[in-house]
Amino acid sequence: MTLASPIDVVIESRSDDRGDILRLDLVAADGGDLPAFTAGAHVEIAVPLADGTVLERQYSLWGDPADRRRWRLGILLEPASRGGSRTLHAIAKPGTRLRIQALRNHFPLDATAKRSILIGGGIGITPMLAMAAEIAAAGGDFALHVATRSQARTAFLDVLPGFGDRVVLHHDDGIGGAPLVPERDLPAPDEGTHLYVCGPAGFMDWIITSARALGWAEERIHREYFHAEVDASGGAFEVEAKRSGITVTVDEGESIASALEKAGVRISVSCEEGVCGTCLCDVLEGTPDHRDHFLTDEEKAAGDQILICCSRAKTPRLVLDL
Ligand code: FES
């Protein structure tokens, strides 16, 4: 499920939901069907900033995957970010044309699951809504836990009743739903039950750590980070881009990607936070110091791939297939 080339879409409608979430419905600019997607997928939008630069930003699709006419997005306003969400909140209106650079799914449902526990914290509800729709359409079993600070900050209240009593609301202020308590709200782990979690990084780390402590097996805990802090600390090291024949020193606070770019190596980056996977490349020599939230623990242990927007080196030198 990828795009052969970028496609143009047009905003069909815009609404401003609770919790600073902008909802956009997108239709194909040519009026036809959009490419099919599966629950958990996201699109990468080229967001034109006021200064003429373009940011690539990823947003999960929350609509029913069976609907080929429109893609539905929920975009949280993040004033402290580099401007992608701020720009979309400011410019989006019916008729606005946008370019979709990519359609990807790094967060698919496990086809073998007999039951799925979907946990969305804040804006992390978006992929969960698509998952709930896909599981419901297949007659599957699921529970959808929606965790927010308060009901006044809870988006999609018009959509959630469609999932009936599968929905459990949790609000930190306890009004209209008890705060989420993993020890109480997660079922006992079993082989047929899979857990999916999405939301702010701290929320996700808390749910994942709690699930592990409750005995959930790693392969049945699925996650998607939207944003993450990048830890760029640590000493300098050397990186050789083998195919390009270029070697650079990566200083503390700098990323491998930016050091290589400065030296003239063409690099593809998008989120620059170790969550989207765009900058993944193969490691030919040396040991990566993984700082991302994209690779699984097994992939990190294998040590043959690295995300160069955020990860560093445990050895004085890395050789990459670039
Ligand atoms: S650019 Fe997104 S993981 Fe590196």
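In each ligand, atom 1 is the first atom listed, and ligand 1 is the first ligand listed. Note that the coordinates shown come from a computational prediction; the quantities given were computed from them, not determined experimentally. The analysis underlying the following values was restricted to heavy atoms, covering all of them including side chains, and did not include hydrogens, waters or symmetry mates.
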*Asks:* So does C271 have any N/O/S atom less than 2.8 Å away from atom 2 (Fe) of ligand 1?
*Replies:* yes
*Asks:* Look at the N, O or S atoms of C309, main chain and side chain alike, and state whether any lies under 2.8 Å from atom 4 (Fe) of ligand 1.
*Replies:* yes
*Asks:* To the nearest 0.1 Å, how far is atom 3 (S) of ligand 1 from its closest protein heavy atom, and which atom is that?
*Replies:* G277 N, 3.2 Å
*Asks:* Could you check whether the rings of F163 and F142 sit parallel, tilted or perpendicular, using 30° and 60° as the cut-offs?
*Replies:* perpendicular
*Asks:* Using distance alone, with no hydrogens and no angle criterion, decide if E252 and S233 have a side-chain donor and acceptor under 3.5 Å apart.
*Replies:* no
*Asks:* Which atoms from ligand 1 have a heavy atom of C276 less than 4.0 Å away?
*Replies:* 1 (S), 2 (Fe), 3 (S)
*Asks:* Mark up the atoms of ligand 1 that fall under 4.0 Å of a heavy atom belonging to G274, in ascending order.
*Replies:* 3 (S)
*Asks:* Could you identify the single nearest non-hydrogen protein atom to atom 1 (S) of ligand 1 and state the distance to 0.1 Å?
*Replies:* S270 N, 3.2 Å
*Asks:* Quick one: does D292 get within less than 4.0 Å of ligand 1, heavy atoms only?
*Replies:* no
*Asks:* Please name the residue in the list C276, P200, C198 that meets the side chain to side chain contact (heavy atoms under 4.5 Å, CB included) test with F226.
*Replies:* C198
*Asks:* Could you label the plane-to-plane angle of the H106 and H42 rings as parallel, tilted or perpendicular, counting under 30° as parallel and over 60° as perpendicular?
*Replies:* tilted
*Asks:* Would the number of heavy atoms belonging to other residues, nucleotides or ligands and lying under 6.0 Å from CZ of R317 be above 12?
*Replies:* yes
*Asks:* For the residue pair L195 and I208, establish whether any side-chain heavy-atom pair is separated by less than 4.5 Å.
*Replies:* no
*Asks:* Which atoms of ligand 1 are found less than 4.0 Å from any heavy atom of E272?
*Replies:* 1 (S), 2 (Fe)
*Asks:* Classify the ring geometry of F156 against W62: parallel below 30°, tilted from 30° to 60°, perpendicular beyond 60°.
*Replies:* perpendicular
*Asks:* Considering the heavy atoms of V275, write down every atom of ligand 1 situated less than 4.0 Å from one of them.
*Replies:* 3 (S)
